[in-house]
Amino acid sequence: MNCEQYVLGELEKAKSAINKLEQENDRLQAQCELLESQLNATDPHEDEVRRLGRKIIAQEGAYTTTSVQEDDGEVKPFEKWCFDAVTRYTIPDGWKRREFIDYFEPELRGFYDERVKRLEEDED
């Protein structure tokens, strides 16, 4: 075997290795696309489960029956109500108070608005 034949043999081995790697890459890419499509596919009930789950966690992490009325009879601003309703003792482990309030703001806003509505109805 001369030098030229040796180099050609090595090139063939390298080409074969490259082809195997390309096939493996294609297989992994297809698998990745399949997993992404499964991840992005939503169950028709998933939105409802997620919505109810968020509401329950927010409700358990806050005293949602906290009064929205200040001592002077005025309605507390939402932010103040949140800090009164959400304490470090009520939020799940691993959460900071501000982080919890920010994350569950839509649910907390719903509880707050409901309390304000009841207060206004009681005043009428």
Side-chain angles (χ1 to χ4, degrees):
M1 173 185 293
N2 64 25
C3 185
E4 187 176 302
Q5 291 171 330
Y6 173 77
V7 170
L8 287 174
E10 290 298 312
L11 285 173
E12 286 297 320
K13 284 183 197 176
K15 184 177 179 182
S16 176
I18 289 171
N19 284 338
K20 286 179 184 176
L21 288 172
E22 285 176 342
Q23 289 173 354
E24 180 67 8
N25 187 39
D26 290 344
R27 185 188 69 77
L28 291 172
Q29 186 65 35
Q31 185 178 7
C32 185
E33 288 173 7
L34 176 64
L35 291 172
E36 283 178 352
S37 70
Q38 289 174 350
L39 178 66
N40 294 332
T42 56
D43 181 309
H45 304 290
E46 187 65 29
D47 290 338
E48 183 68 10
V49 169
R50 196 166 287 162
R51 186 185 68 74
L52 288 173
R54 285 181 58 92
K55 184 175 181 179
I56 289 168
I57 292 170
Q59 196 165 19
E60 289 181 1
Y63 293 112
T64 56
T65 57
T66 298
S67 176
V68 294
Q69 196 169 22
E70 296 277 13
D71 292 337
D72 63 2
E74 294 295 316
V75 174
K76 289 180 189 176
F78 174 69
E79 278 294 313
K80 185 172 186 327
W81 178 85
C82 282
F83 276 97
D84 290 346
V86 177
T87 71
R88 64 185 178 129
Y89 303 109
T90 58
I91 58 176
D93 290 342
W95 288 82
K96 291 183 173 73
R97 191 175 184 192
R98 175 86 256 163
E99 177 184 38
F100 186 87
I101 291 170
D102 289 345
Y103 191 81
F104 289 100
E105 190 271 335
E107 290 79 13
L108 293 171
R109 173 77 62 187
F111 293 127
Y112 172 80
D113 291 345
E114 187 177 305
R115 299 288 298 165
V116 170
K117 181 179 175 186
R118 283 188 194 158
L119 178 65
E120 290 169 351
E121 288 173 354
D122 290 345
E123 288 177 354
D124 289 341

- [ ] Can you sort out the partners of Gln5 under side-chain contact (heavy atoms from CB on, under 4.5 Å), two or more places apart, ordered by chain and number?
- [x] Met1, Asn2
Open item on the list: Can you list everything that forms a side-chain hydrogen bond (donor to acceptor under 3.5 Å, both in side chains) with Glu22? Sequence neighbours excluded, please.
Closed with: none
Task: Neighbour count above 12 (heavy atom, 6.0 Å) for Tyr103 OH - done: no
- [ ] Check side-chain hydrogen bond (donor to acceptor under 3.5 Å, both in side chains) between Glu99 and all other residues, then give those that pass, not counting sequence neighbours.
- [x] none
Open item on the list: Taking the side chain as everything from C-beta on, heavy atoms only, tell me whether Glu12 gets closer than 4.5 Å to Leu8.
Closed with: no
Open item on the list: Check this for me: does any side-chain nitrogen of one of Lys117 and Glu120 sit under 4.0 Å from a carboxylate oxygen of the other?
Closed with: no
Open item on the list: side-chain contact (heavy atoms from CB on, under 4.5 Å) for Phe78 and Val116? Distances and angles first, verdict last.
Closed with: CA-CA 10 Å; Phe78 174 69; Val116 170; over 6 Å; no
Open item on the list: Restricting to side-chain contact (heavy atoms from CB on, under 4.5 Å), what partner residues turn up for Asp47, sequence neighbours left out?
Closed with: none
Task: CG-CG distance between Leu21 and Asp26, expressed to the nearest 0.5 angstrom - done: 11.0 Å
Open item on the list: Which residues pass the side-chain contact (heavy atoms from CB on, under 4.5 Å) test with Leu28, not counting sequence neighbours?
Closed with: Glu24, Gln31
TODO: May I ask you to check whether over 12 heavy atoms, not counting those of Asp72, lie within 6.0 Å of atom CG?
DONE: yes
TODO: Could I get the full list of ring-ring contact (aromatic ring centres under 6.0 Å, His included) partners for Phe111, not counting sequence neighbours?
DONE: none
Open item on the list: Test: side-chain hydrogen bond (donor to acceptor under 3.5 Å, both in side chains). Region: residues 58-67. Which pairs qualify, not counting sequence neighbours?
Closed with: none
TODO: Report the distance from atom CG of Asn25 to atom NZ of Lys20, rounding to the nearest 0.5 Å.
DONE: 16.0 Å
Task: Closest contact, heavy atoms only, Leu108 versus Ala62 - done: CD2-CB, 3.8 Å
Task: Residues forming a salt bridge (charged side-chain N to carboxylate O under 4.0 Å, His left out) with Glu105, sequence neighbours excluded - done: Arg109
Task: Criterion salt bridge (charged side-chain N to carboxylate O under 4.0 Å, His left out) against Asp84, the qualifying member of Arg115, Arg97, Lys76 - done: Lys76
Open item on the list: I'd like to check the salt bridge (charged side-chain N to carboxylate O under 4.0 Å, His left out) partners of Lys15; sequence neighbours left out, ordered by chain and number.
Closed with: none
Task: salt bridge (charged side-chain N to carboxylate O under 4.0 Å, His left out) partners for Glu36, two or more places apart - done: none
Task: Lys NZ or Arg CZ of Arg88 over Phe100 ring: under 6.0 Å, within 45° - done: no
Open item on the list: Testing the basics here: between Tyr112 and Pro77, what is the closest heavy-atom pair and its distance to 0.1 Å?
Closed with: OH-C, 3.8 Å
Open item on the list: How long is the straight-line distance from CD1 of Ile101 back to CH2 of Trp95, given to the nearest 0.5 Å?
Closed with: 11.5 Å
Task: Non-neighbouring partners of Glu79 that pass salt bridge (charged side-chain N to carboxylate O under 4.0 Å, His left out), sequence neighbours left out - done: Arg98
Task: Test side-chain contact (heavy atoms from CB on, under 4.5 Å) applied to Gln23 - qualifying residues, sequence neighbours left out - done: none
